[in-house]
Amino acid sequence: MLIKFKKRWELSENAITPEAIYTDRRQILKAMGLAGVAGAALAGFGNPAFAAASEDPSASLYPVARNAAYEGGRPLTPEKLATTYNNFYEFGSHKSISEAAQALKIRPWSVKIDGLVEEEMDIDVDDLLSKMQLEERIYRHRCVEAWSMVVPWSGFALKDLVAFAKPKSNAKYLVMETFQDSSIAPGQKQFWYPWPYREGLTIEEATHDLSFIVTGLYGKPLPKQNGAPLRLAVPWKYGFKQIKSIVRFHFTDERPISFWEKLNDKEYGFWANVNPEVRHPRWSQATERDLRTGDRIPTQIYNGYEEEVASLYKDLGRERLFM
Ligand SMILES: Nc1nc2c(c(=O)[nH]1)N[C@H]1C(S)=C(S)[C@@H](COP(=O)(O)O)O[C@H]1N2
Ligand SMILES: [Mo]
């Protein structure tokens, strides 16, 4: 695509970005305009440390205590890689969006909690952070494009946010939405995408111990390119479930259709659990490329979290659980 400074090993992977076949590349080029080109070019020269962390009013909260119950199982991905190799289509449909994402304004940041809750509310992110118990967890992250990383997220248990929201007993799903502002996120001018980015979980999934709202990375506030100020981590699912820069938590009794599912429901579904035996229609999911080493390693069922999460799905045999 547009990236001049791409390494060889990135090529095959870029050819399988989710949108690659779906959209007309010329349309993408046109819509992305200069912002995308500049972002890609700059990132190729090695990014300066991002200033975001020192300006962030939540910076004094970090580092937070590590919860040793959550181990990566293999060495951490270097911070530099995890913060410069990203998927964030709001800022471009390629991996080098870290510079472009600095346009995101993360304060003030208001979060809406609405739908089937006792009382709908808008809450400021720093207010929310002050109510939640922050901890660090090392999680594996497996993108549907078959690359993976291991990173120390900071944040809080999603079940604590659910408890705080007080959903009504008929709430079955939690839907999350990303900000929408095409004046800072040029990708959102690409009208063929169903903006805003939307993802959802069942309430059982959302209140599972592993479900985590990420607010920090590597002992610092979360960089914008990784989804500041609030982002989801559900490590047994493909990366596209892990919605970034959340502005809304909506409780409903209706199963949502998420961003990628709306775009192409033959390739992406609601459940998106990792399974090495279920192919993506266009590639195998049997192995993944570890970002740190570049080596291909076997993919594990539920990304290695089977013991923790398999019981969530025991009565759902007819659902498409793995796409
Ligand atoms: N709003 C939004 N959230 C998103 C995405 C996106 O394009 N927009 N990409 C998803 C995908 S496909 C992946 S793999 C992860 C990437 O997270 P990272 O850049 O922190 O590695 O974010 C997910 N969350
Ligand atoms: Mo992904």
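Note that ligands are numbered from 1 as they come in the structure, with each ligand's atoms numbered from 1 the same way. This structure is a prediction, so every number in the text was calculated from the model and none was measured.
At a heavy-atom cutoff of 4.0 Å, ligand 1 is contacted by the side chain of Tyr197 but not by its backbone. Only the side chain of Trp147 comes within contact range of ligand 1, with a heavy atom under 4.0 Å; no backbone atom does. The part of Arg231 lying near ligand 1 is the side chain, judged by heavy-atom distances below 4.0 Å. If you look at Lys244 next to ligand 1, the close heavy atoms, those under 4.0 Å, come from the backbone and the side chain alike. Contact annotation for Glu90 and ligand 1: only side-chain heavy atoms (C-beta onward) come within less than 4.0 Å of the ligand.
Salt-bridge annotation for Glu90 and Lys244: absent, with no side-chain N of the basic residue lying under 4.0 Å from a carboxylate O of the acidic one.
Listed by number with element, the atoms of ligand 1 under 4.0 Å from a non-hydrogen atom of Asn226 are 18 (P), 20 (O). Under a 4.0 Å criterion applied to the non-hydrogen atoms of Cys143, ligand 1 contributes the atoms 14 (S). Which parts of ligand 1 touch Gln242 is read off a 4.0 Å heavy-atom cut-off, strictly below it: atoms 22 (O), 23 (C), 24 (N). Interface of Asn86 with ligand 1, defined as ligand atoms under 4.0 Å from a residue heavy atom, comprises 18 (P), 19 (O), 20 (O).
Using a 4.5 Å cut-off on side-chain heavy atoms (C-beta onward), Thr178 and Trp195 make no contact. The shortest distance between side-chain heavy atoms of Ser58 and Asp126 falls below 4.5 Å. Between Ser258 and Glu199, the closest side-chain pair of non-hydrogen atoms falls below 4.5 Å.
The shortest N or O to N or O distance between His141 and ligand 1 is not under 3.5 Å. Distances between N or O atoms of Thr178 and those of ligand 1 include at least one value under 3.5 Å.
Tyr238 and Trp260 share no donor-acceptor pair across their side chains, judged by distance under 3.5 Å alone.
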Enumerate donor-acceptor pairs with a distance under 3.5 Å from any side-chain N or O in residues 155-176 to protein atoms, sequence neighbours excluded.
unit_1, atom_1, unit_2, atom_2, d
Lys159, NZ, Asp209, OD1, 2.5

